[in-house]
Amino acid sequence: MNDMIVIQDLHKYFGHIEAVKGVDLTIRQGEVVIIIGPSGSGKSTVLRCINHLETPTSGGIYIEGLHLEDKKTDINAVRAEVGMVFQQFNLFPHLTALENVTIAQRLVRKRDKAEAERIGMEQLARVGIPEKAGAYPRQLSGGQQQRVAIARSLAMNPKIMLFDEPTSALDPEMIKEVLDVMLDLAKEGMTMVVVTHEMGFARSAADRMVFMDGGQVVEIASPDELYNNPQHERTKLFLSKILTH
Amino acid sequence: MAGPDLASPSSLDSFDKRNGSTTNWRDFPWWLVAIFFFLGIMAFLIIRQPGPHLLVRIVDAEEADGETITAEFDNLRGVVREDEAIVGAPSSGEPFDLAIAELPEARIQTFAQLEQAVQPLIDGEIDALLLDKQTARTLVAENEETLTSVLAVPNAYNEAFIFIFPGITTTLYLTLGGFGLALVFGLLAGLGRISQNRLIRNIAITYVEFIRGVPTLVLILTLAFVIVPAVSDSIGIDNRDVSIELRAILALAIIYGAFLAEIFRAGIESISKGQMEAARSLGMTARQAMQYIILPQAIRNISPALGNDFIAMLKDSSLASVLAVRELTQRSRLHAGSTFRFPESYLVIVFLYLAMTITLSLFLRWYERRIRVGE
């Protein structure tokens with residue numbers, strides 16, 4: 001399989017604080033990689049560097065062989081291929097669900113209105129809320145908003161989807177509806193990088209799991225290996241804390 | 001554990017009711033009643049019917065094309081213009097004290113009787129005859145050579161209003177033109193304030209701080225008489241071709257642009273960072289994200305503040321009177337200067353400005369409440 005994302009010796013400073021201390025990671029096409037770790041471990045920063053919402057202090061990120069730090073790389077074209085789902089949904093509140101899903105298609109993909117709406121409705125149907133096309137974000141529940149946000153990214157036909165703690169801001173009963181959508185996406189062969197604390201989801205969706213701590217990758221393993229036979233003390237300690245309840 | 005059961009439905013109910021009824025009266029907008037009381041009185045003074053007409057004797061009818069006629073009373077010589085008012089001063093320097101007779105209406109049945117009654121005026125036995133407008137018109141038509149009519153009690157508020165009111169088009173033109181341009185300047189300077197580019201950012205800050213540090217009136221004079229001539233010279237336009245209205249609009253726009261810049265900046269900064277990140281993560285350029293995602297939300301948030309500045313500019317357009325632009329204030333100054341009717345001249349523009357601003361600000365309150373409900 002082709003390498004979709006290659007991260008080489010990634011370092012990221014915020015002021016004097018080094019949030020990411022030399023991360024190397026290669027993600028292949030169709031692979032679902034789930035990053036776990038305590039807060040402040042740099043996992044969200046790594047994710048945000050993949051589509052350049054954060055600029056790496058040093059190191060290289062390659063998407064399908066394109067070097068993001070290269071001045072000649074059109075970052076907007078790369079971002080159009082990399083969908084991102086945020087913890088806080090970040091839907092555009094002045095637009096309806098359908099307009100949220102169509103605006104970037106029209107501005108970036110240059111699709112005409114009819115085509116953008118057709119694709120937008122397909123994606124809203126895919127996440128299970130076609131009937132909410134005309135609703136504004138404030139009229140939707142958190143789970144519905146997050147599903148619209150996923151549809152918004154999928155409508156761009158991305159090759160990679162990034163999820164930054166997509167269920168952390170949701171009420172417990174809404175988490176499942178979002179995870180179900182993500183699970184379907186994983187089964188369809190989407191390349192996904194997910195930062196999450198949902199261990200059940202991780203077990204059933206992940207091809208590989210990455211455990212990060214203190215800005216570094218501590219351990220990379222399949223879910224079964226990581227849960228049943230973690231190699232590092234730090235990993236054991238973390239898992240014992242989150243799996244016991 | 002005996003004690004008042006504060007949470008019982010009945011006690012809450014009665015509290016709600018009591019609270020409800022007192023709140024209603026406490027929140028009653030008495031201030032609005034007071035303002036509309038003033039507006040009502042001014043409207044009454046302006047539209048009030050003028051008093052009866054005076055029929056007076058003409059001594060010299062050969063003045064300019066029939067519009068200006070000299071009429072004479074025993075102790076007053078004055079010029080009567082278009083049947084409207086007596087302009088001039090008593091020739092003897094004595095107060096306006098005429099021998100005025102009232103036409104005894106009951107006696108008059110026919111034209112002959114009317115002419116009979118007017119005879120003392122023509123003969124000079126009385127100075128003037130007090131009667132209603134229609135009869136006065138008829139008699140003047142019958143005796144064009146000898147008689148004319150004037151308003152006995154002209155409505156000075158109405159006169160002031162009629163002279164001043166046409167200035168409202170200029171006032172609105174200045175305000176709308178100035179505000180439209182100010183929105184453009186303000187948006188550009190507001191975006192400049194938050195630009196990543198250090199040069200652009202510093203230019204924008206210089207503009208905003210410079211304008212905020214100088215009095216508005218001084219800026220208007222400087223822009224109109226120093227900056228405009230200098231700029232038009234350097235680009236080869238005759239400075240006299242730049243109309244005074246255009247200078248006023250430019251001055252107001254440049255001044256308000258600086259204030260609007262701060263509002264736009266605050267509005268853009270009030271939108272959460274996640275909005276820009278979401279837009280950029282979808283592949284939009286920074287410009288597209290600003291235009292389609294950030295600005296529509298920011299403008300909605302700041303629209304009440306923009307409305308307030310529109311009202312402020314409507315008021316500040318009066319400063320254009322120092323450039324002799326014939327807007328409301330300048331017209332009322334002219335009227336006051338030529339008639340010495342200061343209360344009438346100035347109260348009329350107080351009325352006009354207040355009527356406009358209070359209407360706008362009530363609309364703004366309503367709109368603000370509506371968008372807050374929408375959130």
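Just so it is clear, the values below take in all heavy atoms, side chains as well, and ignore hydrogens, waters and symmetry mates.
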Q | residues 119-134 of chain A: residues contacting chain B (heavy atom under 4.5 Å, by number) | A | none
Q.
Counting only non-hydrogen atoms closer than 4.5 Å, does A:Leu53 touch chain B with its backbone (N, CA, C, O), its side chain (CB onward), both, or neither?
A. side chain
Q. Do you know which two heavy atoms are closest between A:Phe86 and B:Ala278, and how far apart they sit?
A. CE1-CA, 3.6 Å
**Q.** Residues of residues 55-72 of chain A with any heavy atom under 4.5 Å of a heavy atom in chain B
**A.** none
Q.
Please check: side-chain N/O of A:His94 versus main-chain N/O of B:Tyr292, any donor-acceptor pairing under 3.5 Å?
A. yes
Q: Would you mind checking which part of B:Ala279 comes under 4.5 Å of any heavy atom in chain A, side chain (CB onward), backbone (N, CA, C, O), both or neither?
A: both
Q | Side chain B:Gln275, main chain A:Leu91, donor-acceptor under 3.5 Å | A | yes
Q.
Less than 4.5 Å to any heavy atom of chain B: does that hold for the side chain of A:Phe92, its backbone, both, or neither?
A. both
(Q) I'd like to know whether A:Ile103 forms a side chain to side chain contact (heavy atoms under 4.5 Å, CB included) with B:Ile293, so could you lay out the CA-CA distance, the side-chain angles of the two residues, the decisive distance to 0.1 Å, and finally the verdict. (A) CA-CA 9 Å; A:Ile103 185 162; B:Ile293 305 302; 4.0 Å; yes
Q) Mind checking which of residues 75-83 of chain A sit less than 4.5 Å from chain B, heavy atom to heavy atom? A) A:Asn76, A:Arg79, A:Ala80, A:Val82
Q.
Using a 6.0 Å cut-off, check whether atom CZ of A:Phe14 has over 12 heavy atoms from anything other than its own residue.
A. yes
Q. Taking only heavy atoms into account, what residues of residues 145-171 of chain A are found under 4.5 Å from chain B?
A. A:Arg152, A:Ser153, A:Met156
**Q.** Side-chain heavy atoms of A:Met84 within contact of B:Leu282, under 4.5 Å
**A.** no
Q. If you measure from NZ on B:Lys273 to CG on A:Asn90, what distance do you get to the nearest 0.5 Å?
A. 10.5 Å
Q: Any chance you could measure A:Glu54, atom CD, to B:Glu277, atom CD, to the nearest 0.5 Å?
A: 7.0 Å
Q. Around atom CD of A:Glu188, are there more than 12 heavy atoms of other residues, nucleotides or ligands at under 6.0 Å?
A. yes
